[in-house]
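Note sheet for the following structure.
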Amino acid sequence: VMVIGLMVVGASAVSYNDLTDKDEIVNKDAVSMLVALDIIQGKPDGSYAPTENVDRAQMAKMISVIMNKGVDNSALYENVNSGLTDIDGNWAKGHINYCYTNGVIAGRGNNTFDPSATVTALEAAKMLLVSIGYDPAIEGFVGTDWALRVSSVADSVGIFRNYTKDLTAPLNRDDAALLIYNALDVEMIQQYQNGYALTYADHRTILSDKYGVIRVEGVVTANEWAVLDDDSDSALKEGLTRIENAEGIFSTTTNTQVVNNADNTRSATFEVSTPVDMLGKSVTMYIKKDTILSKSVVYGDPVVTEDNNVVTTGDHINGGTTRNDNSLASLLKGTGLSTDKDTEYYLNYAEVDRDASKTSSDMNMKGATLTVIDNDNDGYVDYVLSLQKTLSEISAYNTKKESLTVKGMITEDFANVVGYEDVEKDDIVLCGRQAIDGDTAQVGPHLRGEARDCHRRDGVLHHQGQDRQVHDRGRRELLRG
């Protein structure tokens with residue numbers, strides 16, 4: 001029996017779902033992880049207040065919690081004599097004392113800390129670098145040129161990754177989460193030798209050392225929408241994603257890939273949802289390993305890496321050389337990408353036999369969406385995905401018989417439909433067709449004043465300018481946009 005799924009497009013669950021202003025957060029993955037690790041919390045009114053500036057006391061609190069493995073130990077340092085004269089009565093006194101006495105933060109001079117002053121990106125980066133183990137005296141983080149040195153080192157290790165604002169301007173809560181998120185995955189310093197900082201041999205980071213959280217890197221080859229590179233007859237259950245990496249999926253840091261060895265797992269399925277457009281692309285995510293790998297806790301969301309090179313078109317594309325205007329070779333000309341013997345071709349997420357050298361080999365029909373993916377930045381195309389669709393409608397929705405019909409395509413019982421309660425009669429549906437083993441597959445979105453999607457996990461849909469791929473080898477779907 002084919003199972004049908006009805007799900008809301010673009011409504012993937014995230015760990016910060018309870019934040020009332022989550023849609024205003026720019027660095028969603030950073031905030032999601034930090035909230036999950038209890039490093040940063042929402043405001044009393046349920047918001048996150050992403051644009052609110054962070055002061056020095058708040059930054060000290062976050063670093064204190066990080067260094068104490070997510071535990072608020074401020075009470076233990078409340079009465080420590082740090083010599084700071086302007087923190088008595090401050091809510092973060094214990095956190096400030098911890099950071100100050102451990103050399104993580106510096107005062108303003110004259111035994112003051114200035115807890116209510118806003119913190120800049122440079123100041124936050126300095127605190128984070130010292131937390132990682134960098135010696136401020138050896139590195140030149142003190143004195144008149146401290147800002148230049150901090151900027152240089154922080155940039156080189158990735159703390160400023162994706163941060164494009166003025167380093168001397170006040171740091172808001174959204175961007176503070178980004179800098180902390182980046183710093184958590186920087187290799188810790190074990191010792192100095194002849195003036196050079198040396199990292200641990202096991203590449204430990206604050207994430208792995210303090211929280212037992214490690215980095216996973218690989219390609220999404222299966223999720224609740226579709227399956228790639230597999231003879232399986234069905235997509236994964238809702239909320240699952242399979243990650244594959246021929247060199248091993250585990251890495252403890254963004255800076256150093258763990259040495260390839262037989263103990264590093266090449267493929268694993270995790271309890272995390274990924275959108276359909278991540279299929280075939282390289283991603284990173286963070287997990288706390290469980291004895292049963294599939295039960296590992298995932299922190300934040302998988303993030304598409306910069307290793308992906310993607311080319312898309314809605315034109316008719318076939319095989320042939322660059323002399324043929326409609327060829328795949330012509331499409332890729334100038335992109336630095338080319339196909340090879342390992343390139344895989346899919347039509348609505350079912351693998352098909354194509355020959356990029358032959359003009360008779362259709363890669364994509366006009367009006368369909370072709371997505372070409374190189375997911376490891378080696379210049380060779382890994383996946384060529386053609387996603388086709390046509391218009392239809394939900395012509396029947398019977399609650400008594402517990403069945404629904406997509407006109408001219410499918411009639412199925414609610415029992416075979418995931419999320420059937422999210423659709424209704426007269427929804428206009430953009431669907432696709434393909435034949436697999438003599439059976440017809442459908443995909444697409446539906447509309448009732450807004451774009452929605454309908455498909456039978458055997459194909460793909462196009463929704464508000466974004467490709468929504470699906471592959472049923474076992475289940476059909478209707479998706480609301």
Side-chain angles (χ1 to χ4, degrees), residues 27 30 53-64 66-67 82-87 90 92 95-200 203-207 209 253-256:
N27 302 299
N53 288 337
V54 176
D55 62 34
R56 287 166 58 82
Q58 292 168 334
M59 195 69 197
K61 183 261 183 181
M62 287 185 279
I63 291 178
S64 170
I66 290 170
M67 301 310 292
S82 63
L84 295 172
T85 60
D86 61 345
I87 62 172
N90 188 281
H95 297 298
I96 295 170
N97 280 337
Y98 170 83
C99 291
Y100 187 77
T101 55
N102 282 281
V104 175
I105 58 177
R108 294 292 202 192
N110 299 320
N111 295 323
T112 61
F113 179 69
D114 200 7
S116 299
T118 55
V119 68
T120 67
L122 278 172
E123 291 173 332
K126 177 183 175 180
M127 298 177 191
L128 291 167
L129 285 169
V130 177
S131 299
I132 292 164
Y134 285 93
D135 187 303
I138 296 176
E139 295 292 345
F141 296 165
V142 294
T144 55
D145 292 330
W146 75 269
L148 292 176
R149 284 295 301 151
V150 167
S151 176
S152 175
V153 178
D155 192 56
S156 68
V157 299
I159 289 179
F160 290 140
R161 187 174 61 253
N162 296 325
Y163 183 79
T164 58
K165 300 178 182 178
D166 184 350
L167 297 179
T168 62
L171 190 68
N172 64 36
R173 285 168 57 84
D174 203 337
D175 293 326
L178 174 64
L179 267 56
I180 295 171
Y181 176 75
N182 289 340
L184 290 176
D185 201 33
V186 174
E187 288 187 72
M188 297 179 68
I189 303 303
Q190 181 181 20
Q191 61 180 327
Y192 276 80
Q193 193 171 91
N194 298 323
Y196 292 95
L198 303 179
T199 58
Y200 287 86
H203 310 296
R204 74 183 62 176
T205 64
I206 292 177
L207 269 181
D209 184 61
T253 174
T254 55
N255 302 312
T256 304

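- Under the side chain to side chain donor-acceptor pair (under 3.5 Å) criterion, Thr168 pairs with Asp166, not counting sequence neighbours.
- Within the 4.5 Å cutoff, the side chain of Phe141 has heavy atoms near those of the Val153 side chain.
- Leu167 and Ser151 get closest at one heavy-atom pair: CD1-OG, 3.6 Å.
- For the salt bridge (Lys or Arg N to Asp or Glu O under 4.0 Å) condition, the pairs that include at least one residue of residues 106-117, sequence neighbours left out, are Arg108-Asp114, Arg108-Glu123.
- Put simply, the side chain of Asn182 gets close to the backbone of Arg161: a donor and an acceptor are under 3.5 Å apart.
- Listed by chain and residue number, Asn97 satisfy the side chain to side chain donor-acceptor pair (under 3.5 Å) test with Ser82 (two or more places apart in sequence, or in another chain).
- In this structure, Arg56 CZ and Thr118 OG1 are separated by 9.5 Å, a value rounded to the nearest 0.5 Å.
- Contact record, Gly83 with Asn111: O-CB, 3.3 Å, taken as the closest heavy-atom pair.
- Looking at heavy atoms from C-beta onward, Ser131 lies out of side-chain contact with Ile66 at the 4.5 angstrom threshold.
- Side-chain contact between Thr85 and Thr112: present, with at least one pair of heavy atoms (C-beta onward) separated by less than 4.5 Å.
- Rounded to the nearest 0.5 angstrom, Gln191 CD and Tyr196 OH are separated by 15.0 Å.
- Asp86 pairs by the salt bridge (Lys or Arg N to Asp or Glu O under 4.0 Å) definition with nothing, not counting sequence neighbours.
- Under the side chain to side chain contact (heavy atoms under 4.5 Å, CB included) criterion, Ala124 pairs with Met59, Val119, Leu171, Leu179, not counting sequence neighbours.
- Under the salt bridge (Lys or Arg N to Asp or Glu O under 4.0 Å) criterion, the residue pairs touching residues 169-179 are Lys165-Asp175, with sequence neighbours excluded.
- Closest approach of Gly195 to Ile138, counting heavy atoms only: O-CG2, 4.0 Å.
- With sequence neighbours left out, Ala147 forms a side chain to side chain contact (heavy atoms under 4.5 Å, CB included) with Leu122.
- What you find for Ala177 and Ala30 is that their closest heavy atoms are O-CB, 3.6 Å.
- In this structure, the side chain to side chain donor-acceptor pair (under 3.5 Å) partners of Ser64, at least two apart in sequence or on a different chain, are His95.
- Shown here are the side chain to side chain donor-acceptor pair (under 3.5 Å) partners of Lys126, two or more places apart in sequence or in another chain: there are none.
- In this structure, Ile189 and Thr199 have side chains that are in contact, with non-hydrogen atoms separated by less than 4.5 Å.
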Test side chain to side chain contact (heavy atoms under 4.5 Å, CB included) applied to Val157 and Tyr134, step by step: CA-CA 11 Å; Val157 299; Tyr134 285 93; 3.4 Å; yes
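- Taking CG from Leu184 and CG from Asp209, the interatomic distance works out to 11.5 Å, rounded to the nearest 0.5 Å.
- When every heavy atom of Phe113 is checked against every heavy atom of Ala60, the shortest pair comes out as CZ-CB, 4.5 Å.
- Side-chain atoms of Leu198 and Gln190, non-hydrogen and from C-beta on, never get closer than 4.5 Å to each other.
- Residues Ala183 and Ile206 come closest through the heavy atom pair O-CD1, 4.5 Å.
- Taking CD1 from Ile96 and CG from Asn90, the interatomic distance works out to 4.5 Å, rounded to the nearest 0.5 Å.
- Every residue two or more places apart in sequence or in another chain that forms a side chain to side chain contact (heavy atoms under 4.5 Å, CB included) with Asn102 is listed here: Tyr98, Val104.
- Pairs passing the salt bridge (Lys or Arg N to Asp or Glu O under 4.0 Å) check and including a residue from residues 139-148, sequence neighbours excluded, read Glu139-Arg149.
- The side chain to side chain contact (heavy atoms under 4.5 Å, CB included) search around Ala125 returns Val150, Ala154, Ile159, Phe160, not counting sequence neighbours.
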